[in-house]
Protein chains: 2
Amino acid sequence: MMSELSPKERRSRRTRQAILIAARDLIAQGGYEALSMRKIARRIDYSPAGLYEYFDNKDQIVAAVCRQADGLLERYMRRVDPNLPVQERLVELGLAYVRFAEKNPELFLILFTRTDQAPSEPSSSRETSGSFGLLMATVQDGIDQGVFHTGQFDAFPVSYACWAFVHGMAMLRITALKNFEAPYQPVNRWALETFVNGLAGD
Amino acid sequence: MMSELSPKERRSRRTRQAILIAARDLIAQGGYEALSMRKIARRIDYSPAGLYEYFDNKDQIVAAVCRQADGLLERYMRRVDPNLPVQERLVELGLAYVRFAEKNPELFLILFTRTDQAPSEPSSSRETSGSFGLLMATVQDGIDQGVFHTGQFDAFPVSYACWAFVHGMAMLRITALKNFEAPYQPVNRWALETFVNGLAGD
DNA sequence: GTAAAATGCCGAACAGTGTTCAGTTTTTTA
DNA sequence: TAAAAAACTGAACACTGTTCGGCATTTTAC
């Protein structure tokens, strides 16, 4: 099988992971501006130059952190009970999205702020994996079941609209409304239900 | 009246404005990372240290640019015909918001990304001035006219929900979907109409 | 009009940043 | 055990925001 890793490979992976953990923690604590190669190096007892054996540059580290954050976001959304009626499921998916942003504001911010290297297509727009794929599969479910009547629009643009709604809630919460405490959850739930009911009740 | 400004004051204001224009242009061109005190200084033929006669630090310059951008956003929204029926007016306000973001992506991004110095209250939540105030006045209009039935929620949370919707559209457009060309406007219009109809149709 | 004070502006410096590169040490390969 | 490769470092380069001492210029006060 030859699937066992060499000690060298094991060490290398461990160091890579240590770098990513340090980077993630630094970001989670003080945002992107608090992240520096020298701080990462200090945390893992390396010289700054040593990091370049594992990543080409700082951007690659941030990109890797973002991939992990994206996975975490998906896990948040996968916790939603897939046996719920489509309408409720859609609402819960949205609330899970917002919850992730609330609990990981700095990660969320960096995940959706890195304007460089944006994909030319929404992640997994044709698969059921990835957070957007999960959303779209649910919307497709609603259409297939005859619950949603979306006229000329198919699952993709409808999913985009749902995404935009919850993305706005998440973003405002951690930026413009950061210092404005309020019971957001009930309003968010009501707003999403209103929209989803609009999808259902043609 | 004594409203005339001294030559000194006139010069000072002109220089201040030149700094802000240079800063705005640099941001509009290459985003926040392309903005530096030295580049601003070079553009207006000053030494970097000279800028500190007009602004305490870089953040103050960015804050001033953001204030101007906010004014521009409001102008976008004020172009919406106030004589339209509330439902259409609300939709058009949202589309104007998205249009501003599309035309000024970097300014929009910096305007809603500066997580520091966020106000403790949404701008002008009780006035009809400011972009949010304009939105809320419209929502209040719909409630007063008996067009919107928002149950337990008053104009403020409803306006927040509208804001979140269009903010998500705007944000996704210039970040995650930056490289994904598609006819967004029809979908955005349809999605907003669906939501607004949900507000209207009890 | 002249002296004094305030303002405007600059060069140089400090501490910080990402990144590169010549070497040195350590580990793997043959 | 010798040669090759990988891992790691210190020093440097070109940037960054900001501060400070000093030089002009302009404004104020008499």
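Just so you know, these numbers use all the heavy atoms, side chains as well, and skip hydrogens, waters and symmetry mates.
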Query raised in the report: What does A:Leu35 touch in the nucleic acid at a heavy-atom separation under 4.0 angstrom: a base, only the sugar-phosphate, or nothing?
Result: sugar-phosphate

B:Ile19 CD1 to D:dG17 P, in whole Å, measures 13 Å

query = At under 4.0 Å, does any side-chain N or O of B:Ser47 touch on OP1 or OP2 of C:dC9?
reply = no

A:Ile44 CD1 to D:dT9 P, in whole Å, measures 9 Å

To the nearest angstrom, the CZ-P distance between B:Arg16 and C:dG8 comes to 12 Å

A:Tyr46 OH to D:dT9 P, in whole Å, measures 7 Å

Main chain of B:Cys66, side chain of B:Asp70: is a donor-acceptor contact present, judged purely on distance under 3.5 Å?
no

Answer with base, sugar-phosphate or nothing: what part of the nucleic acid does A:Phe55 contact at a heavy-atom distance below 4.0 Å? nothing

N/O donor-acceptor pair under 3.5 Å between A:Thr194 side chain and A:Trp190 backbone | yes

Q. Would you call the rings of B:Phe112 and B:Tyr97 parallel, tilted or perpendicular, where under 30° means parallel and over 60° means perpendicular?
A. tilted

Going 5' to 3' through nucleotides 19-28 of chain D and flagging B where a protein heavy-atom sits under 4.0 Å of the base, S where only the sugar-phosphate is that close, and - otherwise, we get BB-----SS-

Quiz prompt | Polar side-chain atom of B:Lys178 near backbone of B:Leu172 as donor-acceptor pair, under 3.5 Å | solution = no

Picking from C:dG18, D:dT18, C:dC9, the nucleotide nearest the side-chain atoms of B:Met37 would be D:dT18

Whole-Å distance, B:Lys58 NZ to C:dG16 C1', equals 13 Å

Answer yes or no for A:Arg16 and A:Phe55: cation-pi contact, defined as NZ/CZ to six-membered ring centre under 6.0 Å and angle to ring axis within 45°. yes

Worksheet item: Side chains of A:Asp25 and A:Gln29: is there a donor and an acceptor less than 3.5 Å apart?
Response: no

Taken to the nearest whole Å, CD/A:Glu53 to P/C:dG23 is 17 Å

**Asked** Does any N or O donor sit under 3.5 Å from an N or O acceptor when you compare the side chain of A:Arg38 with the base of C:dG16?
**Response** no

Regarding the side chain of B:Tyr54, the nearest nucleotide among C:dT19, C:dG8, D:dG17 is C:dG8

Could you label the plane-to-plane angle of the A:Phe165 and B:Phe195 rings as parallel, tilted or perpendicular, counting under 30° as parallel and over 60° as perpendicular? perpendicular

In whole angstroms, the gap separating C1' of D:dT9 from CG of A:Leu51 amounts to 12 Å

Separation of C:dG18 atom C1' from A:Arg42 atom CZ, nearest Å, is 14 Å

